[in-house]
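The structure under discussion appears below in the form of structure tokens.
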Amino acid sequence: MIDAALRRLVDPALDAAGGFLLRRGVSANAATLAGFAVGLLALPALALQAYGAALAFILLNRLADGLDGAIARRRGATDFGGYLDIVLDFIFYAAVALGFALADPAANALAACFLIFSFMGTGSMAYAVMAAKRGRASTARGPKSLYYLGGLTEGAETIALFVTICLWPGWFPQLALLFGALCWITTVTRILAARRDFTP
């Protein structure tokens with residue numbers, strides 16, 4: 001919901017850092033893979049209820065996610081890079097939910113399952129495939145390899161959720177259920193947009 005506005009604030013710093021990394025030979029795909037590896041460390045940290053460490057790993061993952069795009073914008077985005085980025089992002093999102101389920105199965109498992117279930121709708125990139133076939137493009141959320149639709153639960157909101165549940169882990173079930181419901185609203189609005197845009 002706020003990604004487009006937020007990008008205008010953070011992109012200049014990310015672009016400068018991305019240029020620095022590119023000059024030192026770091027590729028966008030390397031940043032993606034490194035960020036994913038660090039992000040996955042949040043899973044055992046959450047399972048062990050080391051929420052501060054998990055939060056640090058989550059934030060480092062999100063930083064790397066911004067840096068890989070900044071590097072790609074300077075070097076030239078690739079289809080494989082865009083694909084790798086989005087696939088690993090959603091595996092990471094599911095890993096965070098799984099980590100909370102492992103931390104306290106009795107309290108968190110059902111809400112974690114619902115959250116992962118809900119991510120399936122927002123994670124679908126089928127709209128991007130259809131948009132590409134029709135030559136549609138958008139830079140509202142910055143230059144991207146894929147056409148992104150907006151919604152209530154975009155990247156910034158997901159980061160806010162992860163930060164909040166790491167700071168107040170006891171609220172995970174309620175916040176996961178709420179965020180999952182918002183994901184479904186986002187999914188429905190995107191389906192309606194696709195019907196509008198792709199129906200002859």
Side-chain angles (χ1 to χ4, degrees), residues 1-3 6-7 10 13-14 17 21 26 28-71 81-125 141 146 148 151-187:
M1 188 169 61
I2 63 171
D3 278 15
L6 191 59
R7 289 194 65 90
V10 302
L14 286 175
L21 292 172
V26 179
N29 289 348
T32 299
L33 291 169
F36 178 67
V38 170
L40 281 187
L41 294 174
L43 175 56
L46 289 168
L48 295 171
Q49 300 185 19
Y51 297 111
L55 178 57
F57 294 135
I58 288 168
L59 293 177
L60 286 171
N61 170 274
R62 295 296 80 202
L63 175 61
D65 187 61
L67 290 172
D68 65 6
I71 294 169
Y83 169 81
L84 183 67
D85 180 53
I86 195 66
V87 168
L88 296 186
D89 276 353
F90 276 90
I91 294 172
F92 164 71
Y93 292 168
V96 172
L98 176 58
F100 274 92
L102 294 172
D104 189 346
N108 295 342
L110 181 60
C113 287
F114 179 69
L115 184 59
I116 294 170
F117 172 61
S118 303
F119 281 152
M120 293 302 100
T122 56
S124 173
M125 292 292 109
R141 286 154 188 81
L146 304 171
Y148 280 75
L152 292 174
T153 54
E154 296 183 275
E157 291 79 18
T158 306
I159 296 170
L161 170 70
F162 289 169
V163 170
T164 303
I165 57 181
C166 284
L167 293 175
W168 294 282
W171 283 93
F172 174 80
Q174 296 89 335
L175 292 173
L177 292 172
L178 174 61
F179 195 83
L182 294 176
C183 284
W184 280 108
I185 294 172
T186 297
T187 298

Q.
Using side chain to side chain contact (heavy atoms under 4.5 Å, CB included), reason through Leu46 and Val96 one step at a time and then give a plain yes or no.
A. CA-CA 8 Å; Leu46 289 168; Val96 172; 4.0 Å; yes
(Q) To the nearest 0.5 Å, what is the distance between OG1 on Thr164 and CZ on Phe162? (A) 11.0 Å
Q. Where is the tightest heavy-atom contact between Thr153 and Cys183, given as atom of each residue plus distance?
A. OG1-CA, 3.6 Å
Q) How far does CG of Leu182 sit from OG1 of Thr122, to the nearest 0.5 angstrom? A) 11.0 Å
Q: Starting at CG of Leu84, measure out to CG of Asn29 and round the result to the nearest 0.5 Å.
A: 5.5 Å
Q: Examine Phe117 together with Trp184 and report whether their ring centres are nearer than 6.0 Å.
A: yes
Q | Evaluation steps, side chain to side chain contact (heavy atoms under 4.5 Å, CB included), between Val163 and Ile58 | A | CA-CA 8 Å; Val163 170; Ile58 288 168; 5.7 Å; no
Q) Would you say the side chain of Val26 lies within less than 4.5 Å of the side chain of Leu67, judging by non-hydrogen atoms? A) no
Q | Gap between atom CG of Asp68 and atom CG of Leu63 - 0.5 Å precision | A | 10.0 Å
Q) Of all residues at least two apart in sequence or in a different chain, which pass the salt bridge (charged side-chain N to carboxylate O under 4.0 Å, His left out) check with Asp104? A) none
Q: Supply the atom-to-atom distance Ile91 CD1 to Leu98 CG, rounded to the nearest 0.5 angstrom.
A: 12.5 Å
Q: Please identify each residue that fulfils ring pair (Phe, Tyr, Trp, His ring centres under 6.0 Å) with Phe172, with sequence neighbours left out.
A: Phe100
Q.
Do Asp89 and Arg62 make a side-chain contact, defined as non-hydrogen atoms from C-beta onward lying under 4.5 Å apart?
A. yes
Q. Parallel, tilted or perpendicular for Phe90 and Tyr93, by the 30°/60° rule?
A. perpendicular
Q: Specify the closest pair of heavy atoms between Ala97 and Leu115, including all atoms of both residues, with the distance to one decimal.
A: CB-CD2, 4.1 Å
Q) In Å, rounded to the nearest 0.5 Å, how long is the span from OG1 of Thr32 to CG of Leu88? A) 7.0 Å
Q. Which pair of non-hydrogen atoms, one from Tyr51 and one from Ala103, has the smallest distance, and what is that distance?
A. OH-CB, 3.6 Å
**Q.** For Pro173 against Ala107, the heavy-atom pair lying closest together
**A.** CG-O, 3.4 Å
Q | Minimum heavy-atom distance Ala101-Ala109, with the two atoms named | A | CB-CA, 4.0 Å
Q.
Give me the atom names and distance for the closest heavy-atom approach of Ala31 to Ala64.
A. O-CB, 3.8 Å
